[in-house]
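Below is one structure, written out as structure tokens, with a few remarks after it.
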Amino acid sequence: MLIHTSWRLSLPQSSHNQKHLIVTTGKTSFWHPYRLENGSSEVRHSPSRPGRSVDLRAICSKILLVPCVLRPLCGLFFWLARSWNRSAAIHQPDEERIQQRGNDMRMKSKSMRYTNPGLAGLALAVALALDAALSLGGMVPAKAALFPTASALFSSFLPKLLHTGAIVAFISGIILAVVLILLPMRQAYRAREARLLRERKRLEERSKALQQQAASDGLLGIANRREFERVLDLEWRRAARERQPLSLVLIDIDCFKVFNDTYGHLEGDTCLCQVANVLREAAARPGDLVARYGGEEMVILMPRTDLDGATRMAQRVHEMLAERALPFTASPITERVTVSIGVSSLLPKRHIDAHTLVHQADEGLYAAKENGRNQTVAVPRLRLIASGPASSLPQQASGA
Ligand SMILES: Nc1nc2c(ncn2[C@@H]2O[C@H](COP(=O)(O)OP(=O)(O)OP(=O)(O)O)[C@@H](O)[C@H]2O)c(=O)[nH]1
């Protein structure tokens, strides 16, 4: 409706306190604010800016449609983004995700995917803020006489109501916007953090398993040669620092070649495993290390143990093997599996090579073999200084 004509009204005295006037033209009524000048009872309307109030009404009506359209659209986008994200998380197996971690770019794009709810929330929040801001503009249509009937009923109450409602809508829109941004972002952050923690734990376990694998002998399940060398070096330096004795028990299965030739290599392997189990049981202290030194030779490294203690350990091995009585009918010694043992013990010094301990135990082992096998020869510390053939040196031997 366009109103271009000028008009003038004389008001009854009773309406002088009113601030708005309801003008009815044909079927349409509109709400017109007025001000009485100098006690006059006349109201003038001159369309200095023709059609302005009507333009405002049309514009506001259109503008008010925007949030109505935007709100469901953003809600839809929000929902789609969330369900897309969830289905992506469900359908992607963990293994696959771990493989993809190798590629930084993919990882980056994946982390972006997890923030999608945040982006969707942002979009929704912006729409709501816009909505709220436009509600604030509800004052404009009120002044543009959009609600003639209501204004007739609540001519003084309605503007206040619209104004308060608009402010409440605006503030709640802002709060909603902040909440909608923060909540999905926090959710995404937590999900990502939990995922990273799970992955870290898994990688730690895997790395531990790999370390164990690299340090142990595949057949016997005890430490391998490399691990023995590492621990020997470590314990040697520790013992030198703490001035504590370090002992080594070197064990070799007697006539193992004959065993293999008689029973075959598979049985030979089983026999090796059984001897390794005996050693594991015998070396009960947490600091002791049982390792495969090579072939059918095994060692027990014993920190903070002197020669007597190590010799007792060797004796225990003989006894336990005798108890097990692993059959070896072809043995030239007895009809069961036996071992020869060389024992050495030193007070380590930093300038002495740790392998001195091994060489000395090896001399003891050699002497035990020479003396008829199935026995232990402990090499006293003096041997470190002395040199010459093993047989010519002092030995402490014990048979099983
Ligand atoms: N089954 C099996 N045999 C092994 C393994 N490692 C080494 N051997 C065998 O152990 C035997 C060691 O033989 P030798 O070094 O001659 O010693 P021995 O026959 O035990 O004789 P003495 O040590 O003098 O009593 C060889 O036949 C090797 O093949 C293994 O992992 N499994």
Side-chain angles (χ1 to χ4, degrees), residues 212-232 248-283 289-301 310-311 313-344 355 357-379 383 389-393 395-400:
Q212 270 177 359
Q213 218 173 314
S216 67
D217 182 87
L219 176 65
L220 307 184
I222 55 179
N224 58 19
R225 174 74 175 264
R226 192 193 312 141
E227 178 67 359
F228 168 69
E229 297 287 349
R230 189 185 72 80
V231 178
L232 173 66
L248 186 75
V249 176
L250 181 60
I251 303 123
D252 184 281
I253 301 175
D254 293 327
C255 309
F256 197 57
K257 189 174 180 327
V258 180
F259 189 99
N260 270 333
D261 293 344
T262 312
Y263 300 105
H265 269 76
L266 278 180
E267 276 300 311
D269 287 351
T270 310
C271 175
L272 275 174
C273 288
Q274 285 167 327
V275 173
N277 287 341
V278 166
L279 299 189
R280 248 198 305 245
E281 274 180 47
L289 177 81
V290 179
R292 185 178 191 178
Y293 192 69
E296 87 286 21
E297 279 185 353
M298 292 171 232
V299 288
I300 305 175
L301 184 67
T311 310
M313 166 66 79
Q315 199 56 39
R316 197 185 308 160
V317 171
H318 283 300
E319 286 164 9
M320 286 175 78
L321 265 178
E323 275 171 29
R324 300 278 161 102
L326 306 172
F328 184 8
T329 45
S331 168
I333 305 154
T334 62
E335 291 202 337
R336 58 181 176 80
V337 173
T338 58
V339 293
S340 297
I341 302 178
V343 179
S344 65
H355 288 95
L357 193 68
V358 183
H359 295 146
Q360 239 177 307
D362 202 31
E363 281 180 23
L365 179 62
Y366 181 80
K369 294 276 182 192
E370 286 289 292
N371 290 348
R373 298 184 175 88
N374 191 24
Q375 60 186 275
T376 292
V377 173
V379 182
R383 295 298 309 277
S391 54
S392 66
L393 294 163
Q395 293 171 0
Q396 180 187 339
S398 59

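For ligands, and for the atoms within them, numbers begin at 1 and follow the listed sequence. All values reported here derive from a predicted model rather than from experimental measurement.
The line from CG of Leu289 to CZ of Arg230 is 9.0 Å long, rounded to the nearest 0.5 Å.
Annotation: ligand 1 has protein neighbours Leu219, Asp252, Ile253, Asp254, Cys255, Phe256, Lys257, Asn260, His265, Gly268, Asp269, Leu272, Arg292, Gly295, Glu296, Lys369, Arg373, each with a heavy atom less than 4.0 angstrom from the ligand.
Under a cut-off of 6.0 angstrom, the local environment of CZ in Arg324 is crowded, with over 12 non-hydrogen atoms contributed by other residues, nucleotides or ligands.
Using bins of under 30°, 30° to 60° and over 60° for the plane-to-plane angle, the ring pair Phe256/Phe259 lands in the parallel bin.
Across Ile253 and Lys369, no two heavy atoms sit closer than the pair O-NZ, 3.6 Å.
A side chain to side chain contact (heavy atoms under 4.5 Å, CB included) with Val249 is found for one member of Ile341, Val317, Thr376, Val290 and no other, namely Ile341. Screening Val299, Leu357, Leu248 for a side chain to side chain contact (heavy atoms under 4.5 Å, CB included) involving Leu232 leaves a single residue, Leu357.
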